[in-house]
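Notes for the one structure printed next.
Just so it is clear, the structure is predicted and the values come from calculations on it, not from any experiment. A, B, ... follow the sequence lines: proteins, then strands. Residue 1 opens every chain.
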Amino acid sequence: MEPLIAIVIGAIYASAIYMMLRRSIVKLVIGLILISNAANLLIFTTAGLTRGSPPLIPMDGSALPEVVADPLPQALVLTAIVIAFGVLSFSVVLIRRATEIMQVDDMDQMKENAK
Amino acid sequence: MLIAVLAGFVLAMFAPVLTRWLGHRVGWVMALYPAAVMIWLAGQVPQVMQGGGLYFEQAWAPSLGLSLSFWLDGLSLMFGLLISGIGTLILLYASGYMKGDPRVGRFYAIMLCFMSSMLGVVMADGLMSLFVFWELTSITSYLLIGFDHEDEKARKSALQGLLVTFSGGLALMSGLIMLNLVTGSWSLREIIGGEVSLRDNALYLPILLCLLGGAFTKSAQFPFHFWLPNAMAAPTPVSAFLHSATMVKAGIYLMARISPEFSGTSAWTLILCVFGAVTMLTGAFLALRFSGIKKVLAYSTIMALGTLTMLLGIGSEAALIAFVAFLFAHSLYKGALFMVAGSLDHETGTKDIDAMGGLFRKMPVTALSALVAALSLGGIIPLFGFVAKELLFEAVLATSQLTTFLLAMTLVSSILVVAAAGIVALRPFFGALKETPKTPHEAPVTMLAGPFILAGLSLILGFLPPLVGQPILAPAARAVMGGELTMSLYLWHGINTALIMSMVSLLLGLVICWQWRRVRGLIARLNPLLDRGPESGYWRLMDGLVRFSEWQTRVLQNGHMRNYLLMTLTVFVGLTGYALLVRHSLSLNLALDMRIHEIVVAAVTAASAVAACLMRSRLAAVAASGVMGFGIALLFLLFSAPDLAITQLLIETLTVILLILVLFRMPRFADLSTAGERIRDAIVALLTGALMSLLVLTMYDVNLFPSISEYMVDNSVDLAHGHNIVNVILVDFRALDTLGEIFVLALAATGVFAMLKLQTREKKAR
């Protein structure tokens, strides 16, 4: 399954970078969402993929199954998802404010106008 | 020994404080340091005469085999005595010269640092210690040249000196490292006395060239000579000390130091003789071109440095004896003359020789010192300079290679130097008294002592050369030779070719001095040619550097984010991709145990990501990115991460709502880029994506460290009483990370809130 996920990660990265290279600032926002998701998926797969064996310890005290998903990348990704949302909401509001003041969507024109 | 070298740095720290208490008289206290060093060194003379020496070692970085080690032999001793002796007089002199200057404290601090560094250079045994002290002299020299930092010319000159000597310093460092590679030792003493013969080594020439690069730039050899006259922007005590008696001789010292191991090959002889001779003539010739007294002296210093290099290049026993004698004589008279120049400047307010005249009556002691020192400079009997000059002529006459060339160069240079000596010593003091910006009167005692003592030494040693010959000069010459030699110095050599050459140069030199103004007029006609010398090359290089940096800033730092991104990604793809393909054997382990529902979810996720950037409407793009987010949530769920799936679902929902709320108040999507730009961006994006895929695939092959999560799995219940290991990690094992995350979120929320508040307030204001 890992090769397929690797291709999915590559596809999301490619889309994200393409959007981030646009001049339109609204497209940059979409690029941001995509790239943070790509990074999350990347970290998640680093420890390998495990089917149907979440890192939960049974309450009845019985032993864990032989193979269990690595909990550490999951914890890291959980943090990352939340922080990505924080960054995204801040940048969305910032960009909204910028377009409102500059009255343009084009980053090149913003730079020109700022001069 | 360590104390002798490092005490100056310590004392320098206190110099500003002491200055506040003592005023300009602080010079007397400061001079105690070099005086003490000189006395200590003088105490070592008997031991060094016997062929012994001192050695000191202190471990520095033992793992690298580096140690801070010092070594005192004949050569170091001679240099050390000159540095500390002249240093004492200069510091006393400076207390008079700098009187009333508010920057006295800073001046002494840098001066002492320099003195210590210079002692470090000549006594260092470790190659790296040598390099460190070498660069320290460059830095302190930079600070001293630019002492008048409000003067643009001084700043430029300081920078020029620094850049030239530092570029040489880099060459020196590579030379020293190669030397270590070849010999396997960091110690100069071991290398010079060592078994490994460098002359037959394949790296001999590269090492020699690198070391000479350092020495030539430091000692202002042609074509790097131009920084030295410009360095005269420094206060005169500095010029007298650094740029005539000591620092510029560091390069000479280095050449003399490596001479036993390197000399005798045709490369050594050819390079040193030719560059030395050319420098000698250039210096002597250009000395007549200027009327500023310090410039004349600076160029005559260049001439002396060239002579010393040439003598090392000849390398015969006679040449090395001449080398040490000439070096000693030069330090004495040049120090004296520079101090005289400073006194003249100080008392008359001008540096221009043309503006001075008839000062003998006003400043008799200064004039006398100047006369004696200048006689020594001109090499006139009975001064010590004469002894040195006779030895020089004899050494050149006895050469076997390049004899005619060297002889002609030496003769012409000595004629010109006699003229320069005459200009400096006769013109300001004799003839009609001229109006000067300040009313001239005799300099204070502190400023008389230095030149008087040094000039006096030139005179005494002229009559009694053995006074320094056996105890100081002979051990030094032996150290340069790397073997035994017999040395007998005496004033009168009888009437021989050397004496006749001296006489000829004296006569012709005086004629030139008498007709100086006309000669200068003639030289001025050559100005267009002279202005195209190596210095203009330096300025062109500097201009080019500035233009280049302007150009590359314009290209690289142009303020367009996507250009930065493009460049970063291109470099990333290029370098990482290269390393991945070349260094790492790409073995794709395609474990194809897929299940149909997983393939569908993965395909939908990838497709919606691609769709998000192809959609032409904002709503569709946001919807597509939402689909991708839910797809990822499903993947999390399928692969044993229920917590992630829940979080992802929540956040994705929030994101879509936020975007729909905010984005629809923003402009519609527009196609701003050209088709070409879009294709270029698409290529970069695809390459990066492909590389990321490859990296992920490679990652499964490489397992550098075992997972650390075993500990957490094992201890989750015991230590944290939690059954959901992911939660335990977040709130317990890595609780501080989570706290940081909360801070980030709070910060983002505050920012969002503040910006929204700002908007509503503005609307109200409207």
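Contact annotation: the side chain of B:Ile632 approaches that of A:Ile12 to within less than 4.5 Å [non-hydrogen atoms, C-beta and beyond]. Using a 4.5 Å heavy-atom threshold, the side chains of B:Leu635 and A:Phe44 count as separate. Contact annotation: the side chain of A:Arg97 approaches that of B:Leu758 to within less than 4.5 Å [non-hydrogen atoms, C-beta and beyond].
Of the atoms belonging to B:Leu566, heavy atoms from both backbone and side chain fall under 4.5 Å from chain A. Proximity to chain B (any heavy atom under 4.5 Å) is restricted, for A:Thr99, to the side chain, taken from C-beta onward. Looking at B:Leu569, only its side chain comes within 4.5 Å of chain A, counting heavy atoms on both sides. Heavy atoms closer than 4.5 Å to chain B are found in both the backbone and the side chain of A:Leu21. Contact of A:Tyr18 with chain B is made through backbone and side chain together, with heavy-atom distances under 4.5 Å. Both the backbone and the side chain of A:Ile95 come within contact range of chain B, judged by heavy atoms closer than 4.5 Å. In this structure, chain B has no heavy atom under 4.5 Å from any part of A:Ser91. With a threshold of 4.5 angstrom between heavy atoms, A:Ile5 approaches chain B through side-chain atoms but not through N, CA, C or O.
Using modelled atom types, no side-chain atom of A:Gln74 and backbone atom of B:Ile725 make a donor-acceptor pair closer than 3.5 Å. Side chain of B:Ser693 to backbone of A:Ala6: a donor-acceptor contact under 3.5 angstrom is found. Judged purely by atom type and a 3.5 angstrom limit, B:His723 uses its side chain to pair as donor or acceptor with the backbone of A:Ile57. In this structure, A:Ser15 contributes its side chain and B:Cys613 its backbone to no donor-acceptor pair below 3.5 Å.
When B:Val696, B:Val726, B:Asp681 are compared by the number of non-hydrogen pairs under 4.5 Å with chain A, B:Asp681 comes out ahead. Contact tally against chain A (heavy-atom pairs below 4.5 Å) for B:Thr647, B:Val744, B:Ile651, B:Thr688: the top residue is B:Ile651. Per-residue counts of heavy-atom pairs under 4.5 Å with chain B were compared for A:Ile25, A:Ile9, A:Leu34; the largest is that of A:Leu34.
Counting non-hydrogen atoms of other residues, nucleotides and ligands closer than 6.0 Å to CG of B:Leu739 gives a total above 12. Around atom OH of B:Tyr564, more than 12 heavy atoms belonging to other residues, nucleotides or ligands sit under 6.0 Å away. Atom CZ of B:Arg562 sits in a crowded spot, with more than 12 heavy atoms from other residues, nucleotides or ligands closer than 6.0 Å.
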Practice problem: Decide yes or no on side-chain contact (heavy atoms from CB on, under 4.5 Å) for B:Met561 and A:Leu28, but give the supporting numbers first. | Solution: CA-CA 11 Å; B:Met561 193 190 79; A:Leu28 178 68; 3.7 Å; yes
Quiz item: When you look at B:Glu652 and A:Asn37, which way does the side-chain contact (heavy atoms from CB on, under 4.5 Å) test go after all the steps?
Solution: CA-CA 10 Å; B:Glu652 205 51 48; A:Asn37 273 310; 4.1 Å; yes
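Expressed to the nearest 0.5 Å, how far CG of A:Asn40 lies from CG of B:Leu644 amounts to 8.5 Å.
Scanning both residues, B:Ser640 and A:Thr50, for their nearest heavy atoms gives OG-O, 2.6 Å.
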